[in-house]
Amino acid sequence: MRAVRCVDGRPTTVQVAPPRGDGVRIKMASAGVCGSDLHMIELGMLNTFTIGHEFAGWLQDGSAVAIEPIHGCGVCEICRSGAYNRCPATLGDIAGISRDGGMADEVLIWPEALVRLPAGVDARDACLVEPLGIAVHGFRLAGLQGDMRVAVIGGGTVGQTALAVARLAGCEVAISARHDAQKEAAGRLGAAPLTDEPYDIVVEAAGTASALADAAKKCRPGGKIVILGTYWGGVELPAMDLSMKEITLVPSSMYGRSGPTRDVDVAAAALAQLPELPDAIITHRFPLDAPAEAFAIAADRSSGAIKVVLEP
């Protein structure tokens, strides 16, 4: 079968043996190219496994599912609390990063990873459940309420999903986006104009020091900054604004569970309620045999790319 792996520093479609062993077999429908994939290829971190941690497909009975790609040990106190994203075992067991992921014809996954999709959600769009889960988790940690004013810094996939989730909660949401395609998508998702009035919650989804500083300026005194971006090169804190305004930083990593409810299940339900989201942010679809072109487009935001998807 076909799978996308990093060969000589480039994403390449190769022939591999079909997956064998324990688990549930998924016929793949869609796999998103994440900004983290681009960084990890550049850093030489994806040289062994099939790429792709944002993916969805069909079970053997035809049921459509998305995948929660992280896997904690399941027995430690952290996992039992629902915060399995913090389990030390999780970083060693992430589909698409430390084991084979979704950019393939088929994948074998542990049963707990399955996210059943509501009626009407197309598996070709359900690779968005993973980034939606990131937004759901961050807002859960921050205590999002529908009467809050929210600003989002960064118009990529995570920023757009944060906008969509906060809008679904009933919030007034503005977004600071750099590129025209990002601004157009935000408009389609109901973004309000940015104003000078401070915001209750500011989402930092760009992963840069300048974006974090901008978030601190936009946040009201006593407000919260939800960090959904990843600072691959480190970051300098805007200490003066943070201290003088007593802003709470809410770092957020991946997704977890609150009581019986997983963030990714909330994300799947949200996708069903956001039929406009896939058309707004999935800007490019490529066949599985064109990973180099897909990754090149994903890396060039000026090309109009937001979410680039590979489809087996």
Side-chain angles (χ1 to χ4, degrees), residues 22-24 26 32 34 36 52-56 59 63-99 101-102 107-118 121 126-146 148 150 157-159 161-162 164-166 168-171 200-201 203-205 224-231 248-274:
D22 295 333
V24 180
I26 310 295
C34 177
S36 295
H53 59 273
E54 304 176 358
F55 57 105
L59 301 177
S63 301
V65 294
I67 301 299
E68 182 183 44
I70 64 175
H71 194 209
C73 72
V75 297
C76 71
E77 182 179 353
I78 295 173
C79 284
R80 294 198 309 271
S81 75
Y84 45 83
N85 57 313
R86 304 175 193 165
C87 174
T90 294
L91 292 180
D93 204 356
I94 303 177
I97 297 176
S98 51
R99 68 153 69 195
V107 65
L108 202 63
I109 203 77
W110 53 92
E112 297 84 0
L114 301 183
V115 183
R116 302 281 179 170
L117 298 179
V121 174
C127 58
L128 295 179
V129 166
E130 195 274 347
L132 276 166
I134 289 173
V136 168
H137 180 68
F139 281 132
R140 174 165 67 82
L141 295 180
L144 179 73
Q145 297 178 1
M148 291 178 170
V150 176
T157 300
V158 171
T161 57
V165 169
L168 195 59
C171 299
D200 300 302
I201 291 178
V203 175
E204 201 294 89
K224 296 177 181 179
I225 296 175
V226 179
I227 299 177
L228 299 186
T230 302
Y231 303 109
T248 299
L249 287 180
V250 183
S252 178
S253 176
M254 300 181 287
Y255 14 77
R257 186 185 75 244
S258 177
T261 306
R262 294 185 301 175
D263 295 319
V264 288
D265 291 318
V266 176
L271 184 57
Q273 298 176 72
L274 295 164

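Heavy atoms only: backbone and side chains are in, while hydrogens, waters and symmetry mates are out. Numbers for residues simply follow the sequence, beginning at 1.
Atoms NE2 and CD1, on H53 and I97 in that order, are 5.0 Å from each other to the nearest 0.5 Å.
Heavy atoms only, all atoms of each residue included: G138 and S252 are closest at CA-OG, 3.4 Å. Taking both residues in full, the closest heavy atoms of A95 and I109 are given as CB-CD1, 4.0 Å, listed atom of the first, atom of the second, then distance. Between V158 and A205 the shortest heavy-atom distance is CG1-CB, 4.2 Å. Closest heavy-atom contact between I201 and A142: CD1-CB, 4.0 Å. Of all the heavy atoms in A126 and L271, the pair that sits closest is CA-CD2, 4.0 Å. Closest heavy-atom contact between G72 and A89: C-CB, 4.4 Å.
Among residues two or more places apart in sequence or in another chain, the salt bridge (Lys or Arg N to Asp or Glu O under 4.0 Å) test is passed with E54 by K307.
Counting heavy atoms from C-beta outward, L59 and I26 have side chains that approach closer than 4.5 Å. Considering only heavy atoms from C-beta on, I94 stays 4.5 Å or farther from R99 through its side chain. Side-chain atoms of L144 and V226, non-hydrogen and from C-beta on, never get closer than 4.5 Å to each other. With contacts defined as side-chain heavy-atom distances shorter than 4.5 Å, the pair L114/I67 qualifies. In this structure the side chain of V115 reaches within 4.5 angstrom of the side chain of D265, judged on heavy atoms.
Sorted by first then second residue, the side chain to side chain donor-acceptor pair (under 3.5 Å) pairs that include residues 74-89, not counting sequence neighbours, are E68-Y84.
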Would you be so kind as to tabulate the donor-acceptor pairs closer than 3.5 Å made by side chains of residues 127-137, with sequence neighbours excluded?
{"from": "E130", "atom 1": "OE2", "to": "Y255", "atom 2": "OH", "distance (Å)": "2.7"}
{"from": "H137", "atom 1": "ND1", "to": "R140", "atom 2": "NH2", "distance (Å)": "3.3"}
{"from": "H137", "atom 1": "ND1", "to": "D263", "atom 2": "OD2", "distance (Å)": "2.7"}

